Amino acid sequence: MAPKTTAVWFRKCLRLHDNAPLVEAAKRGGRLLPIFVLDPHFARPEFVGAPRYRFLLESLADLDASLRKRGSRLCVVRGETEATLDGLFAGACDALPGVKVDAILWEEELVEPWGVARDARVAAAAKARGVAASAVAGGHLLFDPREVLGACGGKAPTTMPAMVKAAAALGAVPAPLEAPATLPPPPDGLPDVVGVPTLEAMGYEAPPAAAFGVAGGESAGLARLEAALARDGGAWARAFEKPKTKSTKFDVDPSTTVLSPYLKFGCVSARLFRARLADVYAGGPHAQPPTSLLGQLYFREMAYANALKHGAAFAQSPSPVCADIPWDDPATDAAAAARLRAWEAGRTGYPFVDAAMRQLKETGWIHHLARHAVACFLTRGDLWLPWTEGARVFDRDLLDADWAVNNFNWLGLAGVASWSPPFFRVYSPVPNHKQSSLNVDDAAGAYVDRFVPELRKLPAKYKYAPWTAPAAVLAAAGVVLGDTYPRPLVDHKVQSKDNIARFKEAQQRNRANKPKPPPKGAPKTKKQKV
DNA sequence: GGATCCGTTGTAGCT
DNA sequence: AAGCTACAACGGATC
């Protein structure tokens, strides 16, 4: 009798440590088929930008190398997901002839709507073929988001105190699992050609730069984690406060950890991050949520709890968590479409916004506060365009694009959610180096020089506002506004004031139209009854 | 159950 | 120069 073959289907969780499905498969023995399905449906520049696709392929190559050290290997199959897996269940997969899977394990997807639906279809296909399929709970987060909802009385936490309270109620986070020391061998007759393809083979042109030299994979992620925690003997991690980090640092020395891409793909487990952080926090006084490093992990938990609560509606406008604002519609309004294209291309005429948008496109990463600035500018601040368009661009281009986190942040920044700042708090696209909360620490204009090179010869004092430069200065710098670099797309002073008024009006209308609760009617009727 | 408090991170313009 | 005020006054949590 041939030994049973168990597949571990990788999706997120691209690691050996803290990987419950892999530990379970190692325990079962027999033959192990670690598999990643590269679905060509997603290998499209309009869905996934080149930097992120490269990060994925690097992560797969690293995963394969680590598996090989333990007697296994990763099968990367290019094909439609459900057809590929169903073929394996039937012993008739074109890419892996002769391989039949008897059981399959994967890390459970609870939140992303298309992933949940896909998994349900795969589970049904497995059942129909008599293959035992198991979705193993919870390796992507600190807590099971269903339990977070439970700890909040069925509601999702929308403030950090609520999240901290929920975390306390849920108690200890499970310790991260060790990577299995050895793994069962692959099935007999596995073709050797099924490996990680190149970016070019997937139809991409290799992008020029990687953010801070980040490379995908568990090995690089763990090294980055340990380097961050070891900085200044742990003092840096203990003192970390997000609002104090700098938005314009772009080269070798970022002011944050840049671990988010590794968390998104699961190259680094959130539970391992938390456990190692606890070790470092034990070394002395440390910052607290929301601003601390632990707070950053808690925001992720909040995003997932809210996304679970609201499902597909979490990405829609309006929705039960998203105020109805009459944004200009780029689908029907040519001027709005042009503004959207200018924002996306980094050609708004505001160098800070443009540098950030070009950095995003080119490297797949921008600092948190730069995300705030460009998101506010696109929506309530200046361009009056729907946040869902911005979320689409971020989802495509960010290395760390994560459905729940991305929508949670856009809902907040667009001003439409309960966790949004007051709508009249609008970021200036011409940040003041001394007092802006965007922490633009770039008096020399190096950030603009790097990503908006057509302004390189402009004196530093005009770098973030070229339209204020005298004509002779512009001419000497070779800048022709409206030609070599755009004039400001909108006049921020005028436009933001206008938009604040429009936003207020829309919110008042929403409140007036709110059908459900009788907050003003109730007391009256009660009084009448009494 | 109504009042009060609080929420990771604003900016401009003034003294 | 640091600190104040105006802007305009949300909505969920808490007691």
Side-chain angles (χ1 to χ4, degrees), chain A residues 151-166 239-247 255-256 287-303 305-306 309 320-323 325 352 367-373 375-377 379-382 405 408-409 411-441 464-465 491-512 514 516-527 529-530:
Chain A
C152 298
K155 286 190 262 185
T158 58
T159 66
M160 188 52 77
M163 180 63 222
V164 169
K165 199 175 153 191
F240 182 94
E241 289 189 84
K242 190 66 165 279
K244 293 183 180 168
T245 60
K246 306 290 185 199
S247 57
S255 70
T256 57
Q288 296 292 331
T291 57
S292 65
L293 276 176
L294 181 60
Q296 308 317 301
L297 289 178
Y298 278 3
F299 273 121
R300 191 162 166 270
E301 304 291 310
M302 283 167 65
N306 280 275
K309 177 79 183 172
V321 274
C322 173
I325 304 295
F352 183 55
H367 184 272
H368 176 72
L369 292 171
R371 300 181 196 199
H372 282 217
C376 184
F377 188 85
T379 57
R380 65 198 169 85
D382 295 86
V405 177
F408 181 75
N409 285 333
L411 282 161
L413 294 169
V416 295
S418 73
W419 55 89
S420 298
F423 61 82
F424 50 85
R425 287 191 187 163
V426 170
Y427 290 99
S428 168
V430 189
N432 179 321
H433 297 261
K434 290 217 170 67
Q435 63 171 339
S436 167
S437 61
L438 294 171
N439 294 349
V440 171
D441 182 22
Y464 283 88
D491 181 338
H492 173 72
K493 281 240 175 72
V494 175
Q495 194 65 54
S496 62
K497 210 172 163 193
D498 231 48
N499 289 355
I500 286 171
R502 264 204 281 187
F503 204 100
K504 178 188 164 194
E505 205 178 294
Q507 291 288 50
Q508 283 174 341
R509 211 164 37 237
N510 288 339
R511 237 169 298 137
K514 206 186 242 179
K516 269 268 173 182
K520 281 172 186 166
K524 274 184 190 167
T525 44
K526 251 191 183 172
K527 272 178 195 167
K529 274 177 192 170
V530 170

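From a predicted model like this one, the values you see are computed outputs, not experimental measurements.
- Atom OH of Y427(A) is separated from atom P of dT8(B) by 13 Å (rounded to the nearest Å).
- In this structure, the nucleotide among dT9(B), dG7(B), dG13(B) sitting nearest to the side chain of K493(A) is dG13(B).
- Residue P289(A) is classed as having no contact, given no heavy-atom separation below 4.0 Å to the nucleic acid.
- Listed here is the closest heavy atom pair of A417(A) and G412(A): CB-N, 4.4 Å.
- Distance from the side chain of L438(A) is smallest for dT11(B) among the nucleotides dT9(B), dT11(B), dT8(B).
- When rounded to the nearest whole Å, the span between NE2 of H372(A) and C1' of dT8(B) equals 9 Å.
- Look at NE2 on H368(A): it is 11 Å from P on dG10(B), rounded to the nearest Å.
- One interatomic measurement links the two molecules: NZ of K242(A) to C1' of dT8(B), which rounds to 9 Å at whole-angstrom precision.
- Listed by chain and residue number, R380(A), V426(A), Y427(A) satisfy the side chain to side chain contact (heavy atoms under 4.5 Å, CB included) test with C376(A) (two or more places apart in sequence, or in another chain).
- Residues P290(A) and Q296(A) share a closest heavy-atom pair of O-NE2, 3.1 Å.
- N439(A) has its CG atom 13 Å from the P atom of dT9(B), to the nearest Å.
- Rounded to the nearest Å, the gap between the P atom of dT8(B) and that of dA8(C) is 25 Å.
- At a threshold of 4.0 Å, the pair R502(A)-E505(A) does not count as salt-bridged, since none of the basic side-chain nitrogens sits closer than that to a carboxylate oxygen.
- The two residues L411(A) and S420(A) make their nearest non-hydrogen contact at O-OG, 3.1 Å.
- K309(A) and A156(A) get closest at one heavy-atom pair: CB-CB, 4.2 Å.
- Across dG12(C) and dG1(B), the matching C1' atoms stand 15 Å from one another, rounded to whole Å.
- With sequence neighbours left out, the side chain to side chain contact (heavy atoms under 4.5 Å, CB included) criterion links T256(A) to F240(A), K242(A), T245(A), V258(A), W365(A), H367(A).
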Its contact letters, B for base, S for sugar-phosphate only and - for none at protein heavy atoms under 4.0 Å, make nucleotides 5-10 of chain C read ---BSS
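- The main-chain N or O of L369(A) is never found under 3.5 Å from a side-chain atom of N439(A) such that the two would form a donor-acceptor pair.
- Q296(A) comes within 4.0 angstrom of a nucleotide base, judged by non-hydrogen atoms across all strands.
- Contact record, S247(A) with V440(A): OG-CG2, 3.6 Å, taken as the closest heavy-atom pair.
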For nucleotides 13-15 of chain C, give me every protein contact, N/O to N/O, under 3.5 Å, one pair per line with atom names.
from    : atom 1 : to      : atom 2 : distance (Å)
dA13(C) : OP2    : K155(A) : NZ     : 3.3
dT14(C) : OP1    : K165(A) : NZ     : 3.4

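- Taking atom CZ of R425(A) as the reference point, atom P of dA12(B) lies 15 Å away to the nearest angstrom.
- Nucleic acid contact class of S428(A) (heavy atoms, under 4.0 Å, all strands): sugar-phosphate only.
- Between the CZ atom of F408(A) and the CH2 atom of W419(A) there is a distance of 5.5 Å, given to the nearest 0.5 Å.
- Rounded to a whole Å, the NZ atom of K309(A) is 13 Å from the P atom of dG12(C).
- Once rounded to the nearest 0.5 Å, the distance linking CD1 of I500(A) with CD of Q495(A) reads 11.0 Å.
- Taking atom CG of residue N409(A) and atom P of nucleotide dT9(B), one finds them 13 Å apart after rounding to whole Å.
- By the salt bridge (Lys or Arg N to Asp or Glu O under 4.0 Å) test, R425(A) pairs with no residue at all, sequence neighbours left out.
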Note, DNA chain B 5' to 3' with Watson-Crick or G-U pairs under 3.5 Å encoded as ( ), [ ], | and . gives .||||||..||||||
